[in-house]
Amino acid sequence: MSRRLYRAAGVVTFAAAMGVAASAAEMPNLERGRGLYENHCVVCHTPKIHSRPNRIPLTIDELRKIVNDFARSENLHWSQQDTEDVVWFLNQTKYRFQSL
């Protein structure tokens, strides 16, 4: 099973365990998150921002808040799904927090 499918299966399993109906539209999309990040965030953020010693965020919830605040401040009109896709991308590629 590919790494992406394995991760997606974990999200579906978690959602089912929580009694939540998980449709494809609700699952975070790594590539869509990458695209949103590369089109909107890397204009100001270099890759070094995610590995600095005093890095922010320290939790997945802080990461989500930072992404939401950025989208609002830039007037991007991102949906909750857009935010979750970017959070998923950043978590999988930079931060590696344990849960979403």
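Taking CG from Leu30 and OG1 from Thr93, the interatomic distance works out to 7.0 Å, rounded to the nearest 0.5 Å. Here the CD-CD distance, from Glu38 to Glu31, works out to 8.5 Å after rounding to the nearest 0.5 Å. Taken from CG in Asn68 to OG1 in Thr83, the straight-line distance is 4.0 Å, to the nearest 0.5 Å. How far CD1 of Ile60 is from CZ of Arg96: 12.0 Å, rounded to the nearest 0.5 Å. We find the OG-CD1 distance between Ser73 and Ile66 to be 11.5 Å, quoted to the nearest 0.5 Å.
Two residues are said to be in side-chain contact when any heavy atoms from C-beta on lie closer than 4.5 Å; Glu84 and Arg64 meet this criterion. Trp88 places none of its side-chain heavy atoms less than 4.5 Å from the side chain of Asn29. Side-chain atoms of Glu62 and Thr59, non-hydrogen and from C-beta on, do get closer than 4.5 Å to each other. At a threshold of 4.5 Å between non-hydrogen side-chain atoms, the residues Phe70 and Leu76 count as touching. For the pair Pro28 and Phe89, the minimum side-chain heavy-atom distance is 4.5 Å or more.
Leu90 and Val67 get closest at one heavy-atom pair: CD1-CG2, 4.1 Å.
The residues Arg34 and Asp85 are annotated as not salt-bridged, no charged nitrogen and carboxylate oxygen being separated by less than 4.0 angstrom.
Distance alone, capped at 3.5 Å, is enough to place a donor-acceptor pair between the Asn39 side chain and the Gly35 backbone.
In this structure, His40 and Trp78 have perpendicular ring planes: the angle between them is above 60°, well past the 30° mark.
Looking at residues two or more places apart in sequence or on another chain, you find a side-chain hydrogen bond (donor to acceptor under 3.5 Å, both in side chains) between Asp69 and Lys65, Arg72.
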